[in-house]
Amino acid sequence: MKLGTKLTLFNTISKLVIVVLFVLLLPTLIRDINRNYTDNWLRRQKDKVLKIVKGPGIKNYIQNGESYGSYNALLKEEYVSIDVDSLNENIDTIINENRLVEGDTIQYRILSHNFKVNKTNYLLEIGKSVDTINETTAPLQSIAFEILLGMVLLTILADQIYSTYVLRPLGMIIKTKLIGHKFPHHTPYKKVRTTTSDFEYLDISIHKMIQTIENTFQKEREFISNASHELMTPISILQSKIENMFERDDIVDETKVRLLEMQKILNRLKSITKTLLLISQIENDQFLKEDDILLSELIQEVYDEISIRFQEKNINCQIEIPGDWKLIHVNKFLLFNLFFNLINNAIKYNKEGGSIKIQGSSVNKIFVVEIIDSGIGINPDQLPHIFNRFKKFSQSLQQDSFGLGLPIVKSIAGFHRIKIEVSSEPEVGSTFKLIFPGDLISL
């Protein structure tokens with residue numbers, strides 16, 4: 001999962017948690033808000049009543065010891081009462097209590113306050129119906145939830161836009177410096193524009209690391225190329241001297257046998273040197289891609305050159321390549337070597353009287369060539385290493401192999417942008433699948 005997706009997911013989940021907690025706490029919050037608002041309203045009403053009472057005098061409201069009461073006659077939502085306080089206590093409270101109004105028991109939020117006028121204590125009560133208070137709870141909860149939800153959606157969108165903006169330089173670093181980098185070919189440094197110092201440091205560090213690796217690879221390629229060139233001359237001289245010694249009459253048979261062994265070793269060394277030189281030339285892009293050839297003709301040429309090997313092991317070869325597949329802008333010499341090495345390995349590690357099938361197929365302009373053999377197969381733990389140079393396994397130790405055939409195949413395939421997939425099962429056989437890009441073959 002990408003970093004930007006993780007950040008968006010985290011922001012979304014965290015805000016959803018906040019919404020859930022808010023929804024759970026919302027009834028309590030609204031209830032407390034309503035209660036505080038009602039209590040403040042009751043206190044303001046108390047001040048108004050006391051001011052009104054003290055103006056014309058208490059006798060205008062309480063006459064002959066009778067209490068005074070006023071309430072909403074129709075809905076009974078509010079009431080005010082003044083009565084003589086016989087308890088003579090200091091009271092100033094706000095509580096919920098039931099009151100009987102015209103035969104109806106109604107719960108009110110009641111403010112009780114006593115005051116003294118002309119040495120007489122009076123009790124003032126101002127009440128507001130609890131049902132009236134609760135009527136505003138549901139609308140307030142709905143409005144608060146809608147506002148919260150809208151704010152959460154806006155913050156999620158803002159977080160997504162900002163995360164995308166902040167992480168864009170990181171995506172550019174990954175795309176241009178890692179994924180889009182044609183390794184190990186050197187490319188000039190191009191700074192990724194960013195205001196984040198961490199990304200700037202990462203960009204420079206990755207470039208320096210790749211530059212170091214590229215320089216190391218370049219030195220290795222130069223060494224292999226130079227060493228291969230330098231070794232060819234003494235090897236050729238030694239071969240000429242050995243051949244000249246064979247022409248002398250005073251050479252005894254025992255010496256000739258040793259000379260033959262020396263010549264065989266020199267031939268092996270010369271073959272290894274040529275192979276290393278070929279790999280170095282491929283990696284240094286010293287070959288041109290100017291050839292156009294039918295794939296079926298190329299494979300037929302390989303078959304004709306190696307046909308005696310099929311006869312020696314009595315191997316049946318079946319070729320099913322469409323005749324209209326034409327390779328364009330390729331290097332024929334290199335592709336010949338690629339198929340030669342793969343088919344030669346299929347013969348070398350095949351069983352006596354076995355079979356090899358070379359078939360082509362295409363799906364959605366993707367062309368695939370498979371080389372399937374019935375040989376001894378490759379162990380699963382060895383598959384990831386078969387393209388490593390000089391890597392020899394138990395199967396190849398029994399053959400005259402240098403461990404460079406498949407590395408050549410890998411280099412040539414990379415040079416032509418051909419993807420290689422290998423599947424194998426011990427004692428059943430192996431399949432080498434070559435996947436050609438659509439622009440490499442025309443119909």
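Every value quoted in this text rests on a predicted model; they were computed, and no experiment measured them.
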Note: Ala413 and Ile420 closest approach over all heavy atoms is CB-CD1, 3.5 Å
With Arg44 via side-chain hydrogen bond (donor to acceptor under 3.5 Å, both in side chains) - residues at least two apart: none
Under 4.0 Å between a Lys/Arg side-chain N and an Asp/Glu carboxylate O for Glu97 and Arg99? yes
Sequence neighbours excluded, which residues qualify as ring-ring contact (aromatic ring centres under 6.0 Å, His included) partners of Phe367? Trp325
Using a 4.5 Å cut-off on heavy atoms from C-beta on, say whether the side chain of His113 contacts that of Ile91. no
Under a 4.5 Å cut-off applied to non-hydrogen side-chain atoms, are Met262 and Ile242 in contact? yes
Under a 4.0 Å N-O cut-off, is there an ion pair linking Lys419 with Glu421? yes
Test item: Asn364 side-chain N/O and Ile366 main-chain N/O as donor-acceptor pair under 3.5 Å: no
Check whether any side-chain heavy atom of Glu305 lies under 4.5 Å from a side-chain heavy atom of Phe336, and answer yes or no. yes
Is a side-chain donor-acceptor pair under 3.5 Å present for Asn350 with Ser374? yes
Return the CD1 to OH distance between Ile206 and Tyr201, rounded to the nearest 0.5 Å. 11.0 Å
Donor-acceptor pair, distance only, cut-off 3.5 Å: does the side chain of Lys241 make one with the backbone of Ser236? no
What's the separation between atom CD1 in Ile156 and atom CG in Leu16, rounded to the nearest 0.5 Å? 6.0 Å
For the side chain of Asp203 and the backbone of Phe199, is there at least one donor-acceptor N/O pair under 3.5 Å apart? no
Which heavy atom of Pro169 sits nearest to which heavy atom of Val192, and what is that distance? O-CG1, 3.8 Å
Using the salt bridge (charged side-chain N to carboxylate O under 4.0 Å, His left out) criterion, which residues pair with Asp304? Sequence neighbours excluded. none
Can you give me every donor-acceptor pair (side chain of residues 290-298, partner residue at least two apart or in another chain, under 3.5 Å) with its distance?
| unit_1 | atom_1 | unit_2 | atom_2 | d |
| --- | --- | --- | --- | --- |
| Asp291 | OD2 | Lys332 | N | 2.9 |
| Asp292 | OD1 | His329 | N | 2.9 |

Is NZ or CZ of Lys289 both nearer than 6.0 Å to the six-membered ring centre of Phe415 and within 45° of the ring axis? yes
By side-chain hydrogen bond (donor to acceptor under 3.5 Å, both in side chains) - contacts of Lys270 (at least two apart): Gln239
Compare all side-chain heavy atoms of Val422 with those of Lys433 and state whether any distance is below 4.5 angstrom. no
If we only count heavy atoms from C-beta on, is the Arg109 to Leu42 side-chain gap below 4.5 Å? yes
CG on Leu149 to CG on Leu154, rounded to 0.5 Å: 9.5 Å
Would you confirm whether Asn379, through its side chain, and Gln382, through its main-chain N or O, come within 3.5 Å as a donor-acceptor pair? no
Looking only at side-chain N and O atoms, does Glu78 offer a donor or acceptor that is under 3.5 Å from a partner on Tyr108? no
Phe436 and Leu327: CA distance, side-chain angles, deciding distance, side chain to side chain contact (heavy atoms under 4.5 Å, CB included) verdict: CA-CA 10 Å; Phe436 290 77; Leu327 296 167; 3.9 Å; yes
Given side chains that start at C-beta, do those of Leu111 and Thr93 come closer than 4.5 Å, heavy atoms only? no
To the nearest 0.5 Å, atom CZ of Arg193 lies from atom CZ of Arg168 at 10.5 Å
What pairs meet the salt bridge (charged side-chain N to carboxylate O under 4.0 Å, His left out) rule with one or both residues in residues 358-377, with sequence neighbours excluded? none
Looking only at heavy atoms, what is the nearest atom pair of Ile126 and Val49, with distance? CD1-CG2, 4.1 Å
Go through the structure and list residues passing side-chain contact (heavy atoms from CB on, under 4.5 Å) with Thr28, not counting sequence neighbours. Arg31, Asp32
Counting distance only, does the side-chain N/O of Ser14 pair as donor-acceptor with the main-chain N or O of Asn11 below 3.5 Å? yes
Is there side-chain contact between Ile418 and Ile435, with heavy atoms separated by less than 4.5 Å? no
Main chain of Thr196, side chain of Thr194: is a donor-acceptor contact present, judged purely on distance under 3.5 Å? yes
Spacing of Gln263 atom CD and Leu259 atom CG [to the nearest 0.5 Å]: 8.5 Å
Hey, what do you get for CD1 (Ile371) to CG (Leu434), rounding to the nearest 0.5 Å? 5.5 Å
Please walk me through it: do Val152 and Ile18 pass side chain to side chain contact (heavy atoms under 4.5 Å, CB included)? CA-CA 9 Å; Val152 167; Ile18 294 174; 5.9 Å; no
Give a yes or no on whether Met209 atom CE has more than 12 heavy-atom contacts from other residues, nucleotides or ligands under 6.0 Å away. yes
For Pro380, side-chain contact (heavy atoms from CB on, under 4.5 Å) partners two or more places apart: Pro426
The test is side chain to side chain contact (heavy atoms under 4.5 Å, CB included); show your working for Phe287 and Leu278 and say whether it passes. CA-CA 10 Å; Phe287 287 93; Leu278 177 62; 3.5 Å; yes
Full working for side chain to side chain contact (heavy atoms under 4.5 Å, CB included) between Leu406 and Leu342: CA-CA 8 Å; Leu406 289 180; Leu342 289 178; 3.9 Å; yes
Is Ile386 close to Phe432 at the side-chain level, that is, under 4.5 Å between some pair of heavy atoms? yes
Any side-chain hydrogen bond (donor to acceptor under 3.5 Å, both in side chains) pairs touching residues 314-324, not counting sequence neighbours? Gln318-Glu320
Mind checking side-chain contact (heavy atoms from CB on, under 4.5 Å) for Asn34 and listing every partner two or more places apart, or none if nothing turns up? Ile30, Ile133, Thr136, Thr137, Leu140
Applying ring-ring contact (aromatic ring centres under 6.0 Å, His included), can you list everything that pairs with Tyr303, at least two apart in sequence or on another chain? Phe310
Nearest heavy-atom contact between Ile347 and Lys313 is O-NZ, 3.0 Å
By side-chain contact (heavy atoms from CB on, under 4.5 Å) - contacts of Asp439 (at least two apart): Arg417, Pro437
For the residue pair Leu440 and His416, what are the closest heavy atoms and their distance? CD2-O, 3.6 Å
